[in-house]
Amino acid sequence: MPMNRLLIALTFLAFLMPAGAAHAQQKDAASQAKAQFKAGQVFFKDGSYVDALRAFKKANKLHPHPDIVFMVGQAQRNLKLHAAAINSFKAYLDGKPDAEDREDVERLIEELDFLEEAEGSAVDPT
């Protein structure tokens, strides 16, 4: 009987270990994403939009979030990547259906759509 209990306990622990490891990986990815997002904000503020775009894309890959997608769109907009920015802003609105800035973002999409038709888009440097 004690051997059965030991087997059950070991089996239970085996199931818990991967979950704990997965949680630690998720927490690490979230902290890395936060660091990338902060770096992107600094680059963006300095006008280094290519570096900002790279950082925001990395942050979103590590830990997807609508607010990160919005900043991807802002960097793309500043780099005249109109079509990509439109897609990012639409993804932002899809990911955040109750966004307080919905009307502003929709107007921005309309403006970018006009610019895309008039000028086309630049080549993505990332």
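To the nearest 0.5 Å, the span separating OH on Tyr49 from NZ on Lys80 amounts to 10.5 Å. Distance check, rounded to the nearest 0.5 Å: CG of Asn87 to CG of Leu81 gives 11.0 Å. The distance from the CD atom of Glu106 to the CD1 atom of Ile109 is 6.5 Å, given to the nearest 0.5 Å. Rounded to the nearest 0.5 Å, atoms CG (Asp124) and NZ (Lys57) are 4.0 Å apart. Atom CG of Leu79 sits about 11.0 Å away from atom OG of Ser121, to the nearest 0.5 Å. Of the inter-residue distances, the one linking Asp113 atom CG with Leu108 atom CG reads 11.5 Å to the nearest 0.5 angstrom.
Taking the charged nitrogens against the carboxylate oxygens, Glu111 and Arg107 have no contact shorter than 4.0 Å, which rules out a salt bridge.
The side chain to side chain contact (heavy atoms under 4.5 Å, CB included) check on Arg54 picks up Val50, Asp51, Thr126, with sequence neighbours excluded. With sequence neighbours left out, the salt bridge (Lys or Arg N to Asp or Glu O under 4.0 Å) criterion links Lys96 to Asp67.
Clustering ILVMFWY residues whenever any of their side-chain heavy atoms sit less than 4.5 angstrom apart, transitively, puts Leu62 in a cluster other than the one holding Phe43.
Heavy-atom minimum distance, Ser88 versus Gln76: OG-OE1, 2.6 Å. Minimum interatomic distance between Met71 and Phe37 (heavy atoms only, all atoms of both residues): CG-CE1, 3.7 Å. Listed here is the closest heavy atom pair of Ala85 and Gly73: CB-O, 3.7 Å. When all heavy atoms of Asp101 and Tyr92 are compared, the pair lying nearest together is OD1-OH, 2.8 Å. The minimum heavy-atom distance between His82 and Gly120, with the atom names listed, is CD2-O, 2.8 Å.
With 3.5 Å as the limit, one finds no donor-acceptor pair spanning the side chains of Asn78 and Gln74.
A 6.0 Å sphere centred on CD of Glu119 holds more than 12 heavy atoms belonging to other residues, nucleotides or ligands.
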